[in-house]
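Below: one structure, written as structure tokens.
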Amino acid sequence: MKTVVLMLAAGSGSRMGLKQNKVFLSLGGKSVLQRSMEAFASIADEIIVVHRPGEEEPARAETEKVSFSGILRLVPGGATRQDSVENGLAQSDCRPEDLILIHDSARCLITPGLIRRIRDTAMEKGAAIPGLPATNTIKVCREEKVLETPDRSLLYEIQTPQACRADWLQEAFARARQDGFQGTDDASLLEHCGYPVAVVRGERNNIKLTTGEDVQMAESVLGLSSRLPRVGHGYDVHRFAEDRKLILCGVEIPWEKGLLGHSDADVAVHALMDAMLGAAGLGDIGLHFPDTDSRYKGISSLLLLKETVRLLQANGYELINADLTIVAQKPKLRPYISRMTDTLSDVLGVDPSRLNVKATTTEGLGFEGRMEGISAQAVCLILPVTAEGTPAAP
């Protein structure tokens, strides 16, 4: 019996206030999609990632970070969750007796233990889903009026993965199409078709990331804290070179030499970018803007800084302040500090009062003192942004 996983990743991040699909949100240096896939990697024979149309490349980039020896497929999703599942199911060459596990990748705290319990129960019973007994009283209401109070002992909060024999699932989807039936989950299609579904006790931490509060809870489970400020540090060095412009913090400095680099070699901006990426757990500038990529040859580092701001915003963070130190024996940089601050302020979209640019010498010591090059260091503070677009309070 083969185990096929349909990993649903065709959602969005709108209810979190994100500008990207929430499956690409970074939690502790790993995306939501990567974390979900890693939980299934040792159990699945085949994983089919159902992504949003147009997002195959970023989805593939995340799947390549996962060590998985089975078959991997990427399939565009549909207009509804049900359509997305059906698209993924159509791409599998599963046999009738094979097992299909359907999982919302936004449930990235799923454990291999729960996956195996669902799989084993489905192997025995034909279909199984995880669920937790309802702990709150549930009211059926219409127009803000209570219609009835169902027996809480009969109510369960259902999670994923939901597992089923392939032939049962295929028949259930065919019947749903025929009847024009839309279910809220995969098990509802099986119920509509008359198949029995077993319930396995789920896990409290197997939450679906839907709101900013869910992200905070997930980070708490992972030992992170989304409500605390995060600090980043960046450091960069570039050597002097003839026939190059000297660009620092986006400002051209009149000088006999410039700095050598693949881009415009703005050492101060590079240090700041590294600090921002590091604070958000997003790696470094070499990861996002490699010097082997011809697109970045000679590019203004301010454009790279602007993209770094977008990356932070896409992952739910806002820059609060930054402090930069440029280390150079010559030229004298004090006359240009104000312009540097204003230039960075425009790109970062923050008030100049949040930025501090300093310049110092090494009094002739080291490579800076020998005027072989310039170094820069940066420290920054970032905070998570709530769904309303404001920084979360520490």
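Although no hydrogens or angles enter the test, the distance criterion places a donor-acceptor pair under 3.5 Å between the side chain of Ser345 and the main chain of Val350. A donor-acceptor pair is defined here as one N or O able to donate and one able to accept, closer than 3.5 Å; no such pair exists between the side chain of Asn206 and the backbone of Thr111. Of the possible polar contacts, one joining the Thr160 side chain to the Asp104 backbone as a donor-acceptor pair under 3.5 Å is found. In this structure a side-chain-to-backbone donor-acceptor pair under 3.5 Å is present from Gln329 to Gly364. A side-chain donor-acceptor contact under 3.5 Å links Asn21 to the backbone of Ala9. Of the possible polar contacts, none joining the Ser220 side chain to the Gln216 backbone as a donor-acceptor pair under 3.5 Å is found. In terms of modelled atom types and a separation under 3.5 Å, the side chain of Asp98 and the main chain of Arg95 share a donor-acceptor contact. His288 places no side-chain N or O within donor-acceptor distance of the main-chain N or O of Gly283, the cut-off being under 3.5 Å. Using modelled atom types, no side-chain atom of Glu252 and backbone atom of Lys245 make a donor-acceptor pair closer than 3.5 Å. Using a distance-only test at 3.5 Å, with no hydrogens or angles considered, no donor-acceptor pair links the side chain of Arg239 to the main chain of Gly373.
Here OG of Ser338 is found 10.5 Å from CE of Met340. Values are rounded to the nearest 0.5 Å. The distance from the CD1 atom of Ile110 to the CD1 atom of Ile115 is 5.0 Å, given to the nearest 0.5 Å. Once rounded to the nearest 0.5 Å, the distance linking CE of Met273 with CG of Leu305 reads 6.5 Å. The CG atom of Asn321 lies 12.0 Å from the CG atom of Asp351; values are rounded to the nearest 0.5 Å. Atom CD1 of Ile48 and atom SG of Cys94 lie 7.5 Å apart (nearest 0.5 Å). If you take OG1 on Thr210 and NZ on Lys22, they are separated by 4.5 Å, rounding to the nearest 0.5 Å.
In this structure the side chain of Pro335 never reaches within 4.5 angstrom of the side chain of Leu333, judged on heavy atoms. Under the 4.5 Å side-chain criterion, counting only non-hydrogen atoms from C-beta, Pro150 is in contact with Leu155. Between Phe173 and Leu189 there is a side-chain heavy-atom pair separated by less than 4.5 Å. No side-chain heavy atom of Pro161 sits under 4.5 Å from any side-chain heavy atom of Arg119. Residues Leu344 and Leu324 form a side-chain contact, since some pair of their non-hydrogen atoms from C-beta on lies under 4.5 Å apart. No side-chain heavy atom of Ile374 sits under 4.5 Å from any side-chain heavy atom of Lys257. The shortest side-chain heavy-atom distance between Met37 and Leu72 falls under the 4.5 Å cut-off. Residues Leu272 and Leu348 are in side-chain contact: their nearest non-hydrogen atoms beyond the backbone lie under 4.5 Å apart.
Looking only at atom types and distance, the side chain of Thr211 has a donor-acceptor partner in the side chain of Asp214 under 3.5 Å away. Checking His270 against Asp236 by side-chain atom types alone, a donor-acceptor pair falls below 3.5 Å. If you check the side chains of Ser31 and Glu62, you find a donor sitting under 3.5 Å from an acceptor. In the model, Thr80 has no side-chain atom that pairs as donor or acceptor with a side-chain atom of Gln82 under 3.5 Å.
We find that Arg81 and Asp186 are joined by a salt bridge, their nearest charged nitrogen and carboxylate oxygen being less than 4.0 Å apart. Under a 4.0 Å N-O distance rule, the pair Arg35/Glu38 does not qualify as a salt bridge. A salt bridge links Glu372 to Arg370: at least one charged side-chain nitrogen sits closer than 4.0 Å to a carboxylate oxygen.
Met7 and Ile71 fall into different hydrophobic clusters, where Ile, Leu, Val, Met, Phe, Trp and Tyr residues are linked whenever their side-chain heavy atoms come under 4.5 Å apart, directly or through other members. There is a path of hydrophobic side-chain contacts, each under 4.5 Å, that joins Leu25 to Leu222. Residues Leu132 and Ile207 do not share a hydrophobic cluster, defined by chaining ILVMFWY side chains whose heavy atoms lie under 4.5 Å apart. Using a 4.5 Å cut-off between side-chain heavy atoms of Ile, Leu, Val, Met, Phe, Trp and Tyr, with links allowed through other members, Val267 and Val347 fall into the same hydrophobic cluster. Ile158 and Leu190 fall within a single hydrophobic cluster, where Ile, Leu, Val, Met, Phe, Trp and Tyr are joined by side-chain heavy atoms under 4.5 Å apart, directly or via other members.
The nearest pair of heavy atoms linking Tyr296 to Phe289 is CE1-CA, 3.5 Å. Across all their heavy atoms, Arg60 and Leu74 have their closest contact at N-CD2, 3.5 Å. Nearest approach of Gly281 to Arg230, heavy atoms of both residues: N-NH2, 4.2 Å. Across Tyr156 and Gly131, no two heavy atoms sit closer than the pair CD2-C, 3.9 Å. When all heavy atoms of Gly250 and Val269 are compared, the pair lying nearest together is N-CG2, 4.2 Å. Taking both residues in full, the closest heavy atoms of Gly202 and Pro130 are given as CA-CB, 4.0 Å, listed atom of the first, atom of the second, then distance.
Atom NZ of Lys358 is surrounded by more than 12 heavy atoms from other residues, nucleotides or ligands within 6.0 Å. Around CD of Glu363, the count of heavy atoms belonging to other residues, nucleotides or ligands within 6.0 Å does not exceed 12. Atom CZ of Arg116 sits in a crowded spot, with more than 12 heavy atoms from other residues, nucleotides or ligands closer than 6.0 Å. Sparse packing is recorded around NZ of Lys125, with 12 or fewer heavy atoms of other residues, nucleotides or ligands lying under 6.0 Å away. Atom CD of Glu256 has more than 12 heavy atoms from other residues, nucleotides or ligands within 6.0 Å.
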Inset, instruction - List the steps and the verdict of side chain to side chain contact (heavy atoms under 4.5 Å, CB included) for Leu33 and His51. - result: CA-CA 10 Å; Leu33 177 56; His51 57 82; over 6 Å; no
Legend entry - Criterion side chain to side chain contact (heavy atoms under 4.5 Å, CB included) on Val85 and Val50, from CA distance to verdict: CA-CA 8 Å; Val85 174; Val50 185; over 6 Å; no
Inset, instruction - Evaluate the criterion side chain to side chain contact (heavy atoms under 4.5 Å, CB included) for residue pair Leu27 and Val215; output intermediate values, then yes/no. - result: CA-CA 8 Å; Leu27 293 175; Val215 175; 4.0 Å; yes
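Note: Tyr195 and Trp168 have parallel aromatic rings, judged against thresholds of 30 and 60 degrees for the angle between ring planes. Using cut-offs of 30° and 60° on the angle between ring planes, the pair His192 and Phe181 is parallel.
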